Amino acid sequence: MATIELRQVEKKFGDLHAVKPMDLTVHDGEFVVLLGPSGCGKTTTLRMISGLESVTGGQILIDGRDVTWAHPSERNIAFVFQFFALYPHMTAWQNIAFPLQSQGESRAAVKQRVAEVASLLRINHLLHLRPGALSGGDKQRVALARALVRHPAAFLMDEPIGALDADARETMRAEIKRLHLLEHATTVYVTHDQVEAMAMGDRIVVMSEALVQQIGTPAEVYHKPANLFVARFIGSPGMNLVTGHYANGVVHLSENSRYLLSPEWNQALQRELGGEGKVILGFRSEAGVIVEDGPLAAEVFTSDLHGAYNMLNLSLNDDLVHIRVPRGIRYPMGATVRFNIDAEMVRFFNPRTEAAITRRVR
Amino acid sequence: MTALEGTSRQRSITYAAPVHKVSRRARVILAIRAFLTVIVALIMLIPVFWMATTAFKSRADAVAVPPKVFFKPTLEGFVNLLAERSVLAQARRQEMQARRDELSWIQRIALDAGTEIIGVSQYVGRLRNSVIIAGGSTVLAVLLGLLSAYAFSRFNVPGSGDLLFFILSQRMLPAVVVTIPIFLMYRRLGLHDTHIGMILLYTVFNLSLSVWLLKGFIDEIPRQYEEAALVDGYTRLQAFRKVVLPNALTGIAATTVFCLIFAWNEYAFALMLTSDRARTPPPSIPAKLGRGGIEWAAIAAGSLGFLIPVVIVTFALRRYLLRGVTFGAIRQ
């Protein structure tokens, strides 16, 4: 397996940036997810790593070797496509054997290796079929087998389960993760589904508008979003964001909602905003706690039962705020609720730069 | 509600087991469609049928009024077509008649018509010319068309829109308009009445068709197939050969048939640009009209013989022509 290193890699179409210069190091055996809405440049990045798309600037290194201008076939990587891209005129067996045959492997070696991979993915009984006769999940298993068969340096996957139905998606997600662990395979995985990214990635690269917004572990991007985009994009629902006014160690959200800052936060906001100014307060839905004498007040908009918990949708200062509450408790519409925020889980953003405000100077 | 339930139950049955019972309504519709298809096919086939029967008629039967549907078939037309004959004088005829048993069946047919075979007719050479010219130009047009269609489909060719239009425009002028300049050029270049000249000309005309047709077919093949092959360790050319080509077979077969039919049937250029060495049957069959009365049987035999090679090629490729319907594994 291998490390992949991107140094100031960019892609321009004319004057338009598809990917603005980005740095990324994928370590040996790591599972990195490129996450972002469609058109954010994540697939282009993946295609540049594979060599299917040429770069317009920067360098790509695989295991320290500069492959920026190497042909895709010389990079020793495997690519799994969203729509499988199985060769329709070949059987599953022939599809899986195809990458080995390019290397001039002996017939016996090909046979043995295909059998190994097929049993790993449990598709032995499908090997004689053409792709047209396979279900979506099985197609993707064959595509994965084709990627695995060569022992490539790295796997690049472009929304590999995006085209499957919900059931198959759950199964394949688990299977891909298991394969990754078994094969200790360096993997770069593209998706627009943040749940999938959180579940699978060792690290997540959040991208938007051709720019890397944040690189971090799932916990980091969830709890410490670098900016408003990441805060909104990660999590379901996204982070609650309420605009308020900061002055004298207090954030005023509305007439009867005043959030008292800890000394650390007060210092940070003071430094960032200089005295006073507009600020955006953010917290995850599970960080809100209903307490009778809570410092914040909001009106109940609706309440949805989510099975294990209730999601309370509150209207605060024209913003809708979601708070997770235990199942049993019911709140009538229009009632006023007071709540507090877990002090460890509150975040602040500068509305002008949209960036997160950090507590300590580094 | 009950009606809805009824249909859904019926559907689940048809999914579970192969269909044995088709509803009566569907059967009637099917029968009407089949009937109409047969009628249309008959109307379209009448000229071909007429030609085929005329080819086997004797001279008298061919011009009989009303036309004979039942007649004694004879190969006279084919013999007249394929053999060069001379008319026998009375004495010679009787002499031949006397040793009739020694003659081959072909000579006997000629003798019955009062003629003697003195050699192979020009028609055989003309047919050979057609095979060379139509075959050569079709192979060239499909091969070059395939490469250029692939390039137009996959690469960012500068000015590809204009280039494609230019290629298409090669076919816009009717043959009669361009034959005279081409005739003058060909005479100067020594291409007049040569196989290579006709092959080049038909290739140019067919390229417009083949580039456009094949581009359509190649556009339908997702790029991901080649991209998969590229990362699987193959070069662009290998990916083209192993992945694109097998998936474009339907298009290649269709294009081949179209190009072949055009080159095979072409009349105007062949009439103007060939005289003897490279002349093809289309301009030479009507030339039969003038010589010693109209030999309808020979003309029909010539047309029939001319038809058969194209039918054979189309028939041989039908597997690929139909395959497009069942292939269906491409998802996009």
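Naming convention: chains lettered A, B, ... in sequence-line order (proteins, then strands); numbering from 1 in each chain. Owing to the predicted nature of the structure, the values given are computational and were not obtained by experimental measurement. These numbers come from the heavy atoms of this one structure, side chains and all, not from hydrogens, waters or symmetry mates.
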K.L.:
When rounded to the nearest 0.5 angstrom, what distance separates OH in B:Y225 from NE2 in A:H89?
P.N.:
9.5 Å
K.L.:
Give a yes or no on whether the backbone of B:L230 and the side-chain of A:H71 come within a donor-acceptor separation of less than 3.5 Å.
P.N.:
no
K.L.:
Please rank A:P99, A:A133, A:A147 by heavy-atom pairs under 4.5 Å with chain B and give me the top one.
P.N.:
A:P99
K.L.:
Taking C-beta and beyond as the side chain, do A:F81 and B:E227 meet within less than 4.5 Å on heavy atoms?
P.N.:
yes
K.L.:
In Å and rounded to the nearest 0.5 Å, what is the CD to CD distance from A:Q82 to B:Q224?
P.N.:
9.0 Å
K.L.:
Quick check: does any side chain N or O of A:Y87 sit under 3.5 Å from a backbone N or O of B:K242, one acting as donor and the other as acceptor?
P.N.:
no
K.L.:
So for atom CZ, which belongs to B:F155, do other residues, nucleotides or ligands contribute more than 12 heavy atoms lying within a distance under 6.0 Å?
P.N.:
yes
K.L.:
For chain B, which of A:S102, A:P72, A:A143 has the most heavy-atom pairs under 4.5 Å?
P.N.:
A:S102
K.L.:
Would you give the length of the straight line joining atom CD of B:Q238 to atom OG of A:S73, rounded to the nearest 0.5 angstrom?
P.N.:
8.5 Å
K.L.:
Please check if atom CZ in B:F258 has more than 12 non-hydrogen atoms from other residues, nucleotides or ligands closer than 6.0 Å.
P.N.:
no
K.L.:
Is a donor on one side and an acceptor on the other found under 3.5 Å between the side chain of B:Y234 and the backbone of A:F98?
P.N.:
yes
K.L.:
Do you know which of A:L134, A:L52, A:N76 has the most heavy-atom pairs under 4.5 Å to chain B?
P.N.:
A:L52
K.L.:
Heavy-atom distances under 4.5 Å only: say whether A:R75 touches chain B with side chain, backbone, both or neither.
P.N.:
neither
K.L.:
Counting heavy atoms not belonging to B:M44, are there more than 12 under 6.0 Å from its CE?
P.N.:
no
